[in-house]
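One structure is given below, encoded as structure tokens.
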Amino acid sequence: DEPTNHLDMESIDALVEAVQDFRGGLVVVSHDQFFITSTCGELWVVGEGKATRFRGDFNEYKKLTLERTAKRVAESVKSLSCMNNN
């Protein structure tokens, strides 16, 4: 869980290299984009009580998340605007 917290850049680089050299399976929980893109071959997203494989890279995931967030914000603003007009 968050393996790069409290590590300096040299330590993160060493950890990335160790994970890349490891010949087994790992589950990594992190928000560190550099670490994820450097070490992970699959991206699984946890939400709404389940884990789902994301069929794309980290940048595509960020783009989708940003679009979804913008849509929710626009819907909230519209809802608040309707409340204020009544």
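- Thr39 contributes atom OG1, which lies 11.5 Å from atom CD1 of Ile12 (distance to the nearest 0.5 angstrom).
- Of the candidates Thr65, Asn59, Leu64, Lys62 forms a side-chain contact (heavy atoms from CB on, under 4.5 Å) with just one, namely Asn59.
- Within the 3.5 Å criterion, the main-chain N or O of Ala14 finds no donor-acceptor partner in the side chain of Glu17.
- In the hydrophobic clustering of ILVMFWY residues, with side-chain heavy atoms under 4.5 Å counting as a link, Phe34 and Leu26 come out together.
- The shortest heavy-atom contact between Leu43 and Asp57 is CD2-O, 4.4 Å.
- Shown here is Glu10, whose CD atom has no more than 12 heavy atoms of other residues, nucleotides or ligands within 6.0 Å.
- Remark: the backbone N or O of Glu75 is not paired with any side-chain donor or acceptor of Ser79 at under 3.5 angstrom.
- Note that CD of Gln33 and OH of Tyr61 are 12.0 Å apart. Values are rounded to the nearest 0.5 Å.
- Here the CD-CZ distance, from Glu42 to Arg55, works out to 7.5 Å after rounding to the nearest 0.5 Å.
- The distance from atom CG of Leu7 to atom CE of Met9, rounded to the nearest 0.5 Å, is 10.0 Å.
- Between Thr69 atom OG1 and Glu67 atom CD the span is 10.0 Å, to the nearest 0.5 Å.
- A distance of 10.0 Å separates CD in Gln20 from CG in Leu15, rounded to the nearest 0.5 Å.
- Val28 and Val45 fall into different hydrophobic clusters, where Ile, Leu, Val, Met, Phe, Trp and Tyr side chains are chained together by heavy-atom contacts under 4.5 Å.
- When all heavy atoms of Ile36 and Ser30 are compared, the pair lying nearest together is CD1-O, 3.3 Å.
- The shortest heavy-atom contact between Ser38 and Val16 is CB-CG1, 3.7 Å.
- Placement of Phe54 and Trp44 in two distinct hydrophobic clusters is found when ILVMFWY residues are connected by side-chain heavy-atom separations under 4.5 Å, directly or transitively.
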